[in-house]
Amino acid sequence: MDQITWATAVRCPITFIHGMADPRPVGPVVALAAHARAPRKRVVSDAGHLPWVEQPERVREILAEIVATASHHD
């Protein structure tokens, strides 16, 4: 299954996290997000391709936001 098929098939919100200094361009991430239901996009400053390694506290904040938002919808 390719990424577009996967993103289209997923029925819950997907959060796309991208490091601002990632050598890979953000354009394909935005394009993939356009195929998802209720996509959320987060760009992490001062991070490259591995934001969870380079900025773990910021990624924890994003994950906490996702969990808090999900708990309000139940």
Side-chain angles (χ1 to χ4, degrees):
M1 176 180 302
D2 67 22
Q3 291 178 334
I4 291 174
T5 302
W6 175 82
T8 304
V10 173
R11 296 292 171 222
C12 61
I14 301 172
T15 300
F16 297 84
I17 300 174
H18 188 81
M20 187 174 283
D22 193 331
R24 297 179 185 194
V26 73
V29 176
V30 172
L32 178 60
H35 294 279
R37 177 187 291 203
R40 299 177 216 162
K41 298 175 280 302
R42 300 291 183 269
V43 176
V44 178
S45 303
D46 300 322
H49 189 63
L50 303 171
W52 55 92
V53 173
E54 299 164 39
Q55 293 295 326
E57 186 57 37
R58 178 63 187 123
V59 173
R60 275 195 277 292
E61 291 168 2
I62 293 168
L63 294 174
E65 174 190 319
I66 292 166
V67 170
T69 302
S71 67
H72 291 296
H73 293 306
D74 291 339

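The figures that follow rest on heavy atoms only: side chains count, while hydrogens, waters and symmetry mates do not.
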Heavy-atom closest pair (V53 atom, P56 atom, distance to 0.1 Å) is O-CD, 3.4 Å

With a sphere of 6.0 Å drawn around CD of E65, does it hold more than 12 non-hydrogen atoms of other residues, nucleotides or ligands?
yes

Kindly indicate whether the side chain of I66, heavy atoms from C-beta on, has any atom under 4.5 Å from the side chain of R40.
yes

Sorted by chain and number, sequence neighbours left out, side-chain contact (heavy atoms from CB on, under 4.5 Å) with E61 holds for E57, R58

ILVMFWY cluster, V67 and V59 together (side-chain gap under 4.5 Å)
no

Any donor-acceptor pair under 3.5 Å from Q55 side chain to D46 backbone
yes

Is there any side-chain hydrogen bond (donor to acceptor under 3.5 Å, both in side chains) pair reaching into residues 27-38, and which pairs are they, with sequence neighbours excluded?
none

Distance-only donor-acceptor hits, side chain of residues 10-19, under 3.5 Å, sequence neighbours excluded:
from	atom 1	to	atom 2	distance (Å)
R11	NH1	T8	O	3.3
H18	NE2	R24	O	3.3

Are V29 and I4 linked, directly or through other ILVMFWY residues, by side chains that come within less than 4.5 angstrom of each other?
yes

Determine whether V26 and L50 fall in the same hydrophobic cluster, where Ile, Leu, Val, Met, Phe, Trp and Tyr are linked whenever their side-chain heavy atoms lie under 4.5 Å apart.
no

Would you mind reporting whether I62 and V44 have side-chain heavy atoms less than 4.5 Å apart?
yes

